[in-house]
Amino acid sequence: MESLLISSSSSLTTSPIFSSSKHALTPKPQNLTFNSNARLVLLTCAAQQMNSPPSTAAKEKEVKLWGGRFEESVTDAVEKFTESISFDKALYKQDIMGSKAHASMLAKQGLMSDSDRDTIIKGLDEIQRQIEAGEFVWRTDREDVHMNIEAALTDLVGEPAKKLHTARSRNDQVATDFRLWCRDAIDGIISRIKNLQIAMVELALQNEGLIVPGYTHLQRAQPVLLQHLLLAYVEQLERDAGRLLDCRARVNFCPLGACALAGTGLPIDRFMTSDALGFTAPMRNSIDAVSDRDFVLELLSANSITAVHLSRLGEEWVLWASEEFGFLTPSDKVSTGSSIMPQKKNPDPMELVRGKSARVIGDLVSLLVLCKGLPHAYNRDLQEDKEPVFDSVKAIVGMLEVSAEFAQNVSFNRERIQKALPAGHLDATTLADYLVKKASDFIFENWELRLQMRNGIPFRTSHDIVGRSVALCVSRNCELQDLSLDELNSLNPIFDKDVYEYLGVENSIKKFRSYGSTGSECVAGQLDYWMDKLSISRER
């Protein structure tokens with residue numbers, strides 16, 4: 001008898017994109033004993049793996065793990081068409097993690113021995129090591145990540161591996177793997193949202209007091225503080241994170257043990273596996289557990305809304321970087337050039353942020369159409385649910401990362417912005433507010449006006465007066481603050497010399513005082529809130 005010690009991994013990561021899981025299942029170290037034949041199989045398998053590139057199918061097809069009732073193998077065309085290992089191997093860490101939890105539960109319930117459990121878990125550790133070392137051979141004739149790992153485990157440890165699929169179907173297995181993957185994906189996306197929020201708040205801190213034109217319909221509207229505009233995106237990103245957290249709460253229920261659709265008659269403990277994998281609880285209904293992908297739809301919906309917000313940011317910054325605006329200059333670190341026009345400096349990263357939003361939205365639409373006509377319970381159509389999710393998560397992660405990078409490498413052109421501010425009569429609404437407030441103050445000083453306007457000038461009336469004031473400015477090619485008091489009184493006698501305290505963008509900004517407005521004090525309060533929430537220091 002010869003013994004071979006297979007090293008165990010101390011922890012399991014749960015995604016190729018995101019950080020490792022806290023819920024690794026590692027048994028007590030134990031030597032695995034193989035007879036000479038088993039050792040020969042192991043060494044032969046290892047030699048084949050070392051000499052074969054990843055993702056290469058075996059030359060000879062083996063009998064499928066489900067092949068007992070079949071007399072013929074599937075054709076090459078069917079095998080190629082139905083395989084999913086080319087993409088679902090991304091779930092290998094989650095699959096191994098779930099199998100460890102399942103094996104531990106089976107042993108506790110007396111459905112396998114402790115020795116078999118330890119052999120299986122050690123074997124799974126070795127398979128994970130091989131995968132991460134690039135030594136594992138992914139075989140298309142083994143169809144998917146589950147059967148590749150299970151068959152390799154059988155090759156490695158023999159009979160104990162055949163007990164692993166007790167009280168488990170690939171239906172609940174893949175649903176479990178996918179929920180684990182989505183859970184970690186959500187955590188990774190939220191982390192990157194926070195990074196972008198921090199970058200936006202820091203950019204706001206660098207531009208204190210800078211007034212920019214606010215737009216509606218892409219037309220000049222009112223003056224706003226740039227900080228206020230940047231914080232608008234921070235608020236939107238916070239809701240994006242909130243949607244993902246809500247989604248995570250619904251993702252975090254365990255399908256494992258639901259089997260194909262009806263559960264099992266074996267005495268399994270679904271609560272044990274659920275707890276071991278960090279889930280809130282097992283899913284209550286076994287049919288629902290294996291057949292619904294609403295958790296994926298919700299994730300892709302949340303990603304799509306985030307993508308729309310990022311696309312709007314991209315659009316705004318691309319416009320502002322143009323010569324027509326000239327409000328923003330990206331550094332060379334986040335710009336690209338033209339193959340033919342030597343002078344070009346393009347904000348390509350944000351153009352691609354805008355562009356990639358289309359594929360994120362498309363991924364959601366693909367999955368909605370995939371799921372809309374499926375009868376209960378599981379259908380093979382659901383094999384097609386993974387690529388849109390992998391694509392959506394990869395895209396949104398990239399969009400968030402490059403947006404934060406862009407925000408850290410951009411400057412705003414104060415001189416150009418200040419020169420642009422006078423155009424558009426941005427202080428017109430503030431002037432209308434002046435008339436409403438002035439009437440209220442003036443009523444108590446002038447008896448005749450008090451009789452005429454007991455409740456002050458209605459806003460619609462002040463709107464009309466200011467509209468005629470703007471028309472006068474247009475005819476004279478001047479701004480509101482350039483009109484004389486006599487000219488203003490010709491429009492309405494209520495104007496007084498204090499009107500000039502309301503005119504001009506600087507004065508206009510000072511008059512905003514409602515909660516959430518662009519007034520200096522209010523924006524300072526918003527900044528303080530976000531600095532505290534995101535743990536940002538002014539000294540950073």
Side-chain angles (χ1 to χ4, degrees), residues 14-23 88 90-91 93-94 97-98 172 174-197 233-256 258 274-275 277-285 288-311 356-357 359-372 374 382 384-401 403 533:
T14 53
S15 168
I17 300 177
F18 304 110
S19 61
S20 62
S21 170
K22 300 176 182 178
H23 305 289
D88 69 15
L91 300 175
K93 294 179 184 178
Q94 290 76 20
M97 185 178 176
D172 61 331
V174 70
T176 303
D177 293 356
F178 211 12
R179 283 178 180 266
L180 289 170
W181 192 93
C182 289
R183 186 177 71 186
D184 290 332
I186 289 168
D187 292 343
I189 295 168
I190 290 173
S191 174
R192 286 159 175 83
I193 287 175
K194 181 178 180 180
N195 290 341
L196 178 54
Q197 287 179 302
Y233 284 108
V234 176
E235 295 282 355
Q236 292 163 14
L237 290 166
E238 185 69 9
R239 291 194 296 276
D240 293 333
R243 273 182 286 271
L244 287 164
L245 285 171
D246 290 344
C247 174
R248 191 189 192 283
R250 282 179 284 277
V251 165
N252 203 37
F253 286 86
C254 187
L256 194 58
S274 173
D275 184 65
L277 294 170
F279 286 111
T280 302
M283 296 186 72
R284 286 189 298 267
N285 186 296
D288 175 54
V290 300
S291 65
D292 206 349
R293 294 296 185 269
D294 57 356
F295 68 97
V296 179
L297 293 171
E298 189 172 1
L299 171 57
L300 296 195
S301 176
N303 280 355
S304 296
I305 296 171
T306 303
V308 168
H309 286 151
L310 296 176
S311 180
K356 285 181 180 292
S357 65
R359 69 187 298 158
V360 176
I361 296 168
D363 290 330
L364 169 61
V365 173
S366 294
L367 204 58
L368 284 167
V369 176
L370 174 70
C371 294
K372 72 175 183 61
L374 298 182
L382 292 178
E384 295 298 304
D385 62 359
K386 293 162 200 67
E387 288 183 289
V389 178
F390 296 158
D391 183 71
S392 174
V393 170
K394 180 181 178 181
I396 205 69
V397 165
M399 292 165 70
L400 287 163
E401 289 178 342
S403 295
K533 185 174 180 65

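Numbers for residues simply follow the sequence, beginning at 1. These values consider heavy atoms only, across backbone and side chains, with no hydrogens, waters or symmetry-generated copies.
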Donor-acceptor contact below 3.5 Å, side chain Asn252 vs main chain Gly278: yes
Check: Arg250 side chain, Glu298 main-chain N or O, donor-acceptor pair, under 3.5 Å: no
Arg179 NZ/CZ over Phe279 ring centroid, <6.0 Å and within 45° of normal: no
Partner of Leu244 under side chain to side chain contact (heavy atoms under 4.5 Å, CB included), chosen from Ile396, Asn303, Asp187: Asn303
Sub-4.5 Å side-chain heavy-atom contact between Val360 and Val308: no
Heavy-atom closest contact (Ala258 atom, Val290 atom, distance): CB-CG1, 3.9 Å
Ile186 vs Ile190 side-chain heavy atoms within contact, under 4.5 Å: yes
Check: Asp177 side chain, Leu91 main-chain N or O, donor-acceptor pair, under 3.5 Å: no
Gap separating the CD atom of Gln197 from the CG atom of Asn195, nearest 0.5 angstrom: 9.5 Å
Backbone of Ala307 reached by a side-chain donor or acceptor of Ser357 within 3.5 Å: no
CG-CG distance between Leu382 and Leu374, expressed to the nearest 0.5 angstrom: 5.5 Å
Thr306 side chain to Ala302 backbone, donor-acceptor under 3.5 Å: yes
Note, Ile305 side chain near His309 side chain (heavy atom, < 4.5 Å): yes
Neighbour count above 12 (heavy atom, 6.0 Å) for Arg243 CZ: yes
pair Asp240-Ile189: side-chain heavy atoms closer than 4.5 Å: no
Heavy-atom side-chain contact between Leu299 and Val251 under 4.5 Å: no
Lys194 NZ to Leu400 CG distance, which is reported to the nearest 0.5 Å: 14.5 Å
From Cys254 atom SG to Asp275 atom CG, the distance as rounded to the nearest 0.5 Å: 10.0 Å
Heavy-atom side-chain contact between Lys386 and Val174 under 4.5 Å: yes
Option from Val389, Leu370, Leu368, Asp385 for which side chain to side chain contact (heavy atoms under 4.5 Å, CB included) with Leu297 holds: Leu368
Side-chain heavy atoms of Glu235 within contact of Tyr233, under 4.5 Å: no
Side-chain donor/acceptor of Thr176 to backbone N/O of Leu256, under 3.5 Å: yes
Close side-chain approach of Phe253 to Met283, heavy-atom, < 4.5 Å: yes
From CD (Glu384) to CZ (Arg293), nearest 0.5 Å: 12.5 Å
Interatomic distance, Leu196 atom CG to Ser403 atom OG [nearest 0.5 angstrom]: 5.5 Å
